[in-house]
Amino acid sequence: MASFLMSSIPHQSASARFHPISLLFWLALLLFPVQSFAGPDMARSAIIVGGDRDYPPYEFIDKDGQPAGYNVELTKAIAEVMGFKVEFRLGSWSEMRDALQSRKVDVLQGMSWSEERTKEVDFSLPHTVVNHAVFARRDSPLINSLEELRGRSVAVHRGGIMHDYLVHQGLGARLILTETPAEAMRQLAAGKTDYAVVAIVPGMYIMRELKLTNLLPAIRNVASHRYCYAVDKGNEELLSRFNEGLAILKKTGQYEVIYNKWLGVLEPNQITPRVLAKYAAVVVIPLVVLLGGFALWSRTLHGQVTRRTADLTREITERRHAEEELLLNQQQLIQADKMAALGILVSGVAHEINNPTGLILLEVPILKRFHADASKVLEQYYRENGDFSCGGLPYSRMREEVPRSLDKLHDAGKRIKRIVDDLKDFARRDDSAGNETVDLNAVAQAAVRLVEPSIRKATTRFNARYTPLPPVRGNVQRIEQVLVNLVLNACQALPDTGRGIQLTTGYDADSGKVVLTLTDEGSGISPENISRLTDPFFTTKRDQGGTGLGLSVSAGIVKEHGGTMNFESIPGSGTTVTLTLPEYREDTSRE
């Protein structure tokens, strides 16, 4: 900021040649004391200087109750060189602006210039430039422009230049007006507002003094304004005194001392080209020479390192593949052992269930025949004597309910027997060579019956459509294992029971393929995971106990049968699995 200010307000070094006007100015100062320029009232009475009581480090009331800051010290220095007395009156900024208009103070020592304000006051030459920043909490969303303040709550100093500026820009921010910049920063730190717009130097000063460690400048320079003395409209004589005094301080170097004391320590140091060149000569050149030496030395090792790295990479890749294959085999052995144990368990349970189920299937037809014979006698009694109680209910109702109940019992017994048979088939030891003629529709129906409890729990919208298919050649149990795994995965993908699952079978005559399509309306799979679904141990359900072996084993089974298994998914919309197996055609040719 200091370099910007000195470039925007021209000054001359001591070695510069005097302009003729400057020479006359200095001669006038030597021949006529400064007091001679002041009118009688100016010499006898003090000039009332107004300012903000809480705008550090520019102007504020210190801990001893005295005016302090950059503006105060600059005003005292001007008064000293110009030979007049000043009296400071610091209050809230809005009060001071009113005091200037009502002539209770003669001059405001720090006021930002704007076109609108020139209609009310006259400004001196700028004695510095004030840059304003947007401050935010460290956990607030980052912003890059004032436009992003639209709709946000923003704390701003009442009557300050940024208050005028934000209102004039019509950004639509919800302005929270505060009496001091410090209060704006406190409200921001306490979370009462989203952002605060404060001059960067006072803002950093307040953060340091009040230890507001949760704040930071989000945008460091949203607006720059010339900072001047301001007098009531038309008071040109008083304004000229301050302009002349400011010029003297700049020429004598006293201004720079005051500026650096109060403002220089709060601004980043400017790096000049000369300083940059000095550091380059001292640091960069030796560093370049050193790096060049390292580059030459490293080139001799580069070839060896490259070759060794390639060897290590190859060895690591081969070892990783071997470990994965070993682990996959171990997991498959464990799974096979579990399935063998499950087969024994299922066989025992199936035997125990089959006994009462067989009894039900045996006795229910007898009861149905008995009811058919007994109903003739009961009907005759009903016609002769009217309705009567039978089993606690009227006979007129029981004669319709009993046949339906017997039919339901018979159907339930057959259903239990079918489920037990499916479980026994699924768990039976696989000793075949995979050369069976397989009806894919029958295998799919058996798989659905096996996982029907999971389907009912997952969705109320399961639909299966089976098209007549030619046979395929393979192993019934292993194909059924694939379909069970696919249906269970579809059930687990549904976030709620309102989403559906659709299973369809079909035949592609052109390619001679039998096709099974399973579509779920689940959460879907991200594109980067689609190609990895059949990789060993890859799973997106690790937290739910998934091992990543189900689809890997299924893909191996499908490949052994000469088929394919493809996945298509849209994240959030569901997944479609397409399973194809080659049609089995008998070879009718004869030698």
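Reckoned from all heavy atoms, side chains included, excluding hydrogens, waters and symmetry mates.
Among residues two or more places apart in sequence or in another chain, the salt bridge (Lys or Arg N to Asp or Glu O under 4.0 Å) test is passed with Arg158 by Glu179. For the ring-ring contact (aromatic ring centres under 6.0 Å, His included) test, residues two or more places apart in sequence or in another chain that qualify with Tyr229 are His127, Phe242. For Glu568, the salt bridge (Lys or Arg N to Asp or Glu O under 4.0 Å) criterion is met by no residue, not counting sequence neighbours. Looking at residues two or more places apart in sequence or on another chain, you find a side chain to side chain donor-acceptor pair (under 3.5 Å) between Arg314 and Asp311. In this view, Ser526 and Glu528, Asn529 satisfy the side chain to side chain donor-acceptor pair (under 3.5 Å) rule, not counting sequence neighbours. Every side chain to side chain donor-acceptor pair (under 3.5 Å) that Asp232 has, sequence neighbours left out, goes to Arg103. Glu80 meets the salt bridge (Lys or Arg N to Asp or Glu O under 4.0 Å) test with no other residue; sequence neighbours excluded. The side chain to side chain donor-acceptor pair (under 3.5 Å) test applied to Glu73 returns Lys261, Trp262, not counting sequence neighbours.
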> Does the pair Val167 and Leu175 meet the rule for a side-chain contact (heavy atoms from CB on, under 4.5 Å), with working shown?
Replying inline: CA-CA 9 Å; Val167 172; Leu175 300 184; 3.9 Å; yes

>> Could you go through Ser224 and Val130, starting from their C-alpha distance and side-chain angles, then the distance that decides it, and tell me whether this counts as side-chain contact (heavy atoms from CB on, under 4.5 Å)?
In response: CA-CA 6 Å; Ser224 298; Val130 176; over 6 Å; no

>> Apply side-chain contact (heavy atoms from CB on, under 4.5 Å) to residues Tyr227 and Gln109 and explain how you reach the verdict.
In response: CA-CA 9 Å; Tyr227 201 46; Gln109 59 184 352; over 6 Å; no

>> With side-chain contact (heavy atoms from CB on, under 4.5 Å) as the criterion, how do Leu518 and Ile501 come out once you've worked through the C-alpha distance, each side chain's angles and the decisive distance to 0.1 Å?
In response: CA-CA 7 Å; Leu518 185 68; Ile501 298 176; 3.8 Å; yes

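The closest side-chain heavy-atom distance from Tyr255 to Leu74 is below 4.5 Å. Ser454 has its side chain out of reach of Lys457: every pair of non-hydrogen atoms, C-beta onward, lies at least 4.5 Å apart. A heavy-atom distance below 4.5 Å is found between the side chains of Leu238 and Ile47. Contact annotation: the side chain of Gln101 approaches that of Val121 to within less than 4.5 Å [non-hydrogen atoms, C-beta and beyond]. Two residues are said to be in side-chain contact when any heavy atoms from C-beta on lie closer than 4.5 Å; Ile61 and Asp54 fail this criterion. In this structure the side chain of Val198 never reaches within 4.5 angstrom of the side chain of His132, judged on heavy atoms. When side chains are defined from C-beta on, Thr578 does not count as touching Met565, because their heavy atoms never get closer than 4.5 Å. By the 4.5 Å heavy-atom criterion applied to side chains, Pro181 and Ile206 are counted as neighbours.
In terms of modelled atom types and a separation under 3.5 Å, the side chain of Asn243 and the main chain of Leu125 share a donor-acceptor contact.
Residue pairs meeting the salt bridge (charged side-chain N to carboxylate O under 4.0 Å, His left out) criterion with at least one partner in residues 184-193, sequence neighbours excluded, are Glu183-Arg186. Screening residues 517-527 for salt bridge (charged side-chain N to carboxylate O under 4.0 Å, His left out), with sequence neighbours left out, gives Arg461-Glu521. Sorted by first and then second residue, the salt bridge (charged side-chain N to carboxylate O under 4.0 Å, His left out) pairs involving residues 56-69 (not counting sequence neighbours) form an empty list. Listed by first then second residue, pairs satisfying salt bridge (charged side-chain N to carboxylate O under 4.0 Å, His left out) with a partner in residues 107-123 read Arg97-Glu120, Arg117-Asp164, Asp122-Lys233, not counting sequence neighbours.
Using cut-offs of 30° and 60° on the angle between ring planes, the pair Tyr70 and Tyr58 is perpendicular.
When all heavy atoms are compared, the tightest approach of Gly524 to Ser569 is CA-OG, 3.3 Å.
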